[in-house]
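To start, the structure itself, in structure tokens.
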Amino acid sequence: MGKRTLVTTAWPYANGPLHLGHLAGSCLPADIFARYNRMIGNETLMISGTDEHGTPVSMLAELEDRSPKEIVDEYHEIIKRSLQEVGCSYDIFTRTTTKNHRETAQEFFLRLLKHDFIYEKIMEMAYCPKCKKFLPDRYMEGECPRCGAEGARGDQCDECGRTLDIMELINPYCKHCGTKPEMRKSKHYFLRLTAFQDRLMSWIETNKDLWRPNVYNFTINWLKEGLEDRPITRDLEWGVPVPVKGKEDKVIYVWFEAVIGYISATKQYFAEEGKSEAWRVWWEDPDTETYYFIGKDNIPFHTIIWPAMLLGHGRLNIPTNVLGNEFLNLEGGKFSTSKNRAVWLNEYLKHFDPDPLRYYLSINMPESKDANFTWDEFQRRNNEELVSKLGNFAHRVISFIEKFHDGEIPKPEILDEKDLAMLKEIEISVDITGDSIQNCEFKKAIARVMKLASFGNQYFNEKEPWKDKATSKTTLYVSACIVRSLSILMAPFLPFSAQRLWIMLGYEHSVHEQRWDSAKVHVKSQPIRDVKPLFRIIQGEEIAEQRAKLDR
RNA sequence: GCCGGGGUGGCCUAGUUGGUUAAGGCGUCAGACUCAUAACCUGAAGAUCGCGAGUUCAACUCUCGCUCCCGGCACCA
């Protein structure tokens with residue numbers, strides 16, 4: 001009875017470790033959504049992988065005098081492991097350099113070619129006679145025609161910020177060998193985007209109320225300006241070869257090829273499960289819903305180009321929703337992999353637990369506007385909210401039971417008005433939190449979880465079980481019901497702590513296997529165990545140490 | 001220059017079908033409590049919702065102009 005739900009995240013680029021921006025804008029919201037979908041009984045598949053082709057990887061390889069393969073092998077492992085450690089529950093996290101992906105991408109290319117949605121056209125491009133290769137814009141430098149700065153790149157001058165056409169550079173030279181490039185003709189393949197203009201437009205309009213305004217508006221404006229066909233091949237060595245006889249020296253351009261990873265990853269997952277045809281239902285059955293969690297920089301690729309490719313292919317589902325997030329900033333500035341200005345996830349995990357970060361990024365998620373990560377705020381959110389509000393409530397209830405009720409959750413006696421109101425409040429929180437996640441309003445959802453913890457603290461204070469021995473059993477019973485519910489509601493956001501809390505309450509198995517609505521079920525009278533605080537306080541020195549790294 | 005997003009109490013943030021006392025957190029001040037990782041709970045002070053004009057019985061919310069901030073402007077994904 002559950003819906004089939006495919007959840008995808010942006011494919012992290014394998015030229016560096018994963019930083020907090022990727023997590024906040026794509027992996028984490030997708031993970032919360034996927035975990036929730038599993039809990040409401042939807043058949044859920046969460047997929048992604050590293051994007052490993054493209055110019056930045058080959059540039060980094062040259063810089064470090066290593067092969068592109070070595071680079072991507074290293075970062076794929078680092079990224080995959082840190083995602084796993086931070087609790088992102090991918091069913092598969094693959095990469096774009098697999099044989100399966102290459103073949104899938106090539107098949108896709110050929111199919112569009114056959115349908116005449118891909119055609120050839122001659123382009124003029126810069127060529128270095130000494131290196132004997134065509135130069136991507138970034139491989140060429142020269143003098144900026146506007147500000148005169150040396151070392152302006154072919155696509156942009158870093159000095160004055162002006163975007164450049166490669167032809168405009170004064171005294172251009174090959175970044176690699178310094179030779180002056182010449183212009184040469186090269187035949188490339190173009191994606192006939194213009195053929196999809198009308199179909200995309202009417203499709204987008206049907207999504208007006210469902211999609212986030214930023215995604216909808218951005219897309220509709222792009223379409224209104226009119227689509228242009230785009231070249232999708234390059235004269236490079238690092239990439240998926242064009243599968244046409246005599247054209248093997250060209251590669252399919254990354255943005256065209258990487259999105260096909262969504263399909264190749266699905267195929268790979270089911271192939272490994274021994275069900276090689278099972279992927280089809282996830283792409284061909286119109287009842288399957290597909291959700292894409294991406295950063296705003298990726299919006300046009302997922303709302304225009306990828307849908308156009310899917311339409312051109314035929315028979316494949318176009319996105320149900322594209323959740324474009326804004327950016328996470330770092331201490332007021334931008335995250336940047338190439339400038340090494342970032343908080344790296346793998347570094348973070350050496351010092352702190354995953355859940356405080358997941359909490360911070362959930363409650364500060366850049367859903368509708370840019371958000372900010374600061375270490376001070378991270379410490380405050382952890383110490384004052386996770387530890388003091390949520391963790392404290394759970395701990396005060398459980399340790400009270402341990403000390404004053406022989407370590408066993410008491411049976412209720414007479415439920416008074418406050419007790420009943422509190423129990424009712426649990427049900428309301430379960431519904432509101434669930435609906436919010438369903439609508440991809442994750443900030444609102446986690447805020448409601450915290451609010452339930454506040455209600456719990458309030459209730460506990462008012463009932464004063466330490467004084468009022470007569471009603472103490474009932475109070476602790478109701479409180480334990482809240483804690484039990486919290487443990488389930490926390491699960492998509494704080495999977496590790498949720499599980500620990502679940503075990504403390506005396507349950508077996510996994511909280512992640514519980515149905516969402518079972519958060520309304522009352523607690524059973526059973527022994528608690530392993531009582532200890534759920535979260536730890538983060539000291540000022542730890543924060544100072546991390547912040548110092550950024551100043552270097 | 002063009003396009004997009006944003007300017008809400010000292011700080012961070014919520015607030016789209018326009019409608020009674022603009023919400024929450026932090027910080028500040030006061031109080032209560034002691035089960036709890038000195039945590040929790042209650043109360044108070046504090047906002048002419050960037051500026052100006054317009055539409056309206058009524059605008060933070062719609063329209064126009066202005067100002068300031070941020071991002072994008074395509075082969076970087």
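Per chain, numbering begins at 1; letters A, B, ... match sequence-line order.
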Side chain proximity check, A:Trp466 to A:Phe460, heavy atoms < 4.5 angstrom: yes
Separation of the C1' atoms in B:G27 and B:A45, to the nearest angstrom: 13 Å
Provide the distance between the two P atoms, one in B:G4 and one in B:C57, to the nearest whole Å. 31 Å
For a quick check of understanding: with a heavy-atom distance under 4.0 Å over all strands, which category does A:Asn383 fall into, base, sugar-phosphate or nothing? nothing
Counting the atoms with a prime plus P, OP1 and OP2 as sugar-phosphate, which does A:Phe327 contact under 4.0 Å by heavy atoms, base, sugar-phosphate, or nothing? nothing
Just checking, any donor-acceptor pair under 3.5 angstrom between side chains of A:Thr474 and A:Asp419? no
Roughly, in whole Å, what's the span from CG in A:Asn214 to P in B:C3? 19 Å
Answer yes or no: does a side-chain N or O of A:Tyr253 lie under 4.0 Å from OP1 or OP2 of B:A77? yes
Roughly how far apart, to the nearest Å, are B:A44 and B:U21 at atom C1'? 16 Å
Not counting sequence neighbours, which residues clear side-chain contact (heavy atoms from CB on, under 4.5 Å) with A:Phe404? List them please. A:Phe400
Contacts of A:Lys411 meeting side-chain contact (heavy atoms from CB on, under 4.5 Å) (sequence neighbours excluded), chain-then-number -> A:Ser525
Measure from the side chain of A:Arg380, starting at C-beta and using heavy atoms only, and say which of B:C26, B:C75, B:A74 lies closest. B:C26
Taking the same atom, P, in B:G71 and in B:C51, what whole-Å distance lies between them? 24 Å
Can you tell me the distance, in whole Å, between the CZ atom of A:Phe256 and the P atom of B:A77? 15 Å
How many whole angstroms separate atom CH2 of A:Trp255 from atom P of B:C76? 13 Å
Separation of B:G5 C1' from A:Tyr216 OH (nearest whole Å): 18 Å
Looking at every strand, decide which applies to A:Asn221 at a 4.0 Å heavy-atom threshold: base, sugar-phosphate, or nothing. sugar-phosphate
Nearest-Å distance, CD (A:Gln458) to C1' (B:C40)? 10 Å
Of all residues at least two apart in sequence or in a different chain, which pass the side-chain contact (heavy atoms from CB on, under 4.5 Å) check with A:Asn321? A:Leu210, A:Trp211, A:Tyr291, A:Leu323
Please report, rounded to the nearest Å, how far the P atom of B:C2 is from the NZ atom of A:Lys224. 18 Å
Under 4.0 angstrom, heavy atoms only, what part of the nucleic acid is A:Lys334 near: base, sugar-phosphate, or nothing? sugar-phosphate
Under 3.5 Å, which donor-acceptor pairs link side chains of residues 442-454 of chain A to any protein atom two or more places apart or in another chain?
residue	atom	partner	partner atom	Å
A:Arg448	NE	A:Ser429	OG	3.3
A:Arg448	NH2	A:Glu425	OE2	2.3
A:Arg448	NH2	A:Ser429	OG	3.4

Does A:Glu417 CD have over 12 foreign heavy atoms under 6.0 Å away? no
Below 3.5 Å is the cut-off: list the nitrogen or oxygen pairs between protein and nucleotides 29-36 of chain B, distance only.
residue	atom	partner	partner atom	Å
B:C35	O2	A:Arg396	NE	3.2
B:C35	N3	A:Arg396	NE	3.3
B:C35	N3	A:Arg396	NH2	2.4
B:C35	N4	A:Arg396	NH2	2.8
B:A36	OP1	A:Lys403	NZ	2.4
B:A36	O2'	A:Asn392	ND2	2.8
B:A36	N1	A:Arg396	NH2	3.2
B:A36	N3	A:Asn392	OD1	3.3
B:A36	N3	A:Arg396	NE	3.2

Going by the salt bridge (charged side-chain N to carboxylate O under 4.0 Å, His left out) test, which pairs reach into residues 364-378 of chain A, not counting sequence neighbours? A:Lys296-A:Asp370, A:Asp376-A:Arg547, A:Glu377-A:Arg380, A:Glu377-A:Arg381
So what does A:Phe218 touch, heavy atoms closer than 4.0 Å: a base, only the sugar-phosphate, or nothing? nothing
Mind checking A:Glu384 for me? I need base, sugar-phosphate or nothing, with any heavy atom below 4.0 Å counting as a touch. sugar-phosphate
Say you pick atom P in B:U17 and the same atom in B:G31; how far apart are they, in whole Å? 42 Å
Show, in sequence, the C-alpha distance, side-chain angles and deciding distance for A:His22 and A:Thr9, and conclude whether the side chain to side chain donor-acceptor pair (under 3.5 Å) test is met. CA-CA 9 Å; A:His22 300 122; A:Thr9 70; over 6 Å; no
My understanding is that a pair needs two contacts under 3.5 Å, Watson-Crick or G-U wobble. By that rule, which nucleotide pairs with B:C73? B:G1
Between the protein and nucleotides 12-15 of chain B, which nitrogen or oxygen pairs are less than 3.5 angstrom apart?
residue	atom	partner	partner atom	Å
B:A14	OP1	A:Lys443	NZ	3.3
B:A14	OP2	A:Lys369	NZ	3.1

When we call it a touch if two heavy atoms are under 4.0 Å apart, what does A:Val387 touch: a base, just sugar-phosphate, or nothing? base
How far, in whole Å, is B:G50 from B:U13 if one measures between their P atoms? 14 Å
Between A:Lys532 and A:Asp297, who's closer to the 5' end of RNA chain B by nearest nucleotide? A:Lys532
Sub-4.5 Å side-chain heavy-atom contact between A:Asn214 and A:Phe218: no
Could you give the distance separating B:C29 and B:G10 at their C1' atoms, to the nearest angstrom? 14 Å
Considering every strand shown, what is the Watson-Crick or G-U wobble mate of B:A38 when both distances are under 3.5 Å? none
Tell me the partner of B:C29, counting only Watson-Crick (N1-N3 plus N6-O4 or O6-N4) or G-U wobble (N1-O2 and O6-N3) with both under 3.5 Å; none if nothing fits. B:G43
Below the 4.0 Å mark, does B:U37 have OP1 or OP2 next to a side-chain nitrogen or oxygen of A:Ser388? no
With A:His101, which residues qualify under side chain to side chain donor-acceptor pair (under 3.5 Å), at least two apart? A:Glu257, A:Ser264
Look through every strand shown and name the nucleotide pairing with B:C51 as Watson-Crick or G-U wobble, where both distances are under 3.5 Å. B:G65
Categorize A:Pro300 for me: base, sugar-phosphate, or nothing, with a 4.0 angstrom heavy-atom threshold over every strand shown. nothing
Which whole number of Å gives the distance between the C1' atom of B:C69 and that of B:U8? 16 Å
For A:Leu534, report the nucleic acid contact type (base, sugar-phosphate, nothing); a contact means any heavy atom under 4.0 Å. base
Nearest-Å distance for atom pair CD1/P, residues A:Ile299 and B:C3: 19 Å
note: A:Lys296, atom NZ; B:A77, atom C1'; distance rounded to Å ~ 15 Å
Mate of B:U17 where both pairing distances stay under 3.5 Å, Watson-Crick or G-U: none
Among residues at least two apart in sequence or on other chains, which ones pass side-chain contact (heavy atoms from CB on, under 4.5 Å) with A:Lys187? A:Glu120, A:Ile122, A:Lys247
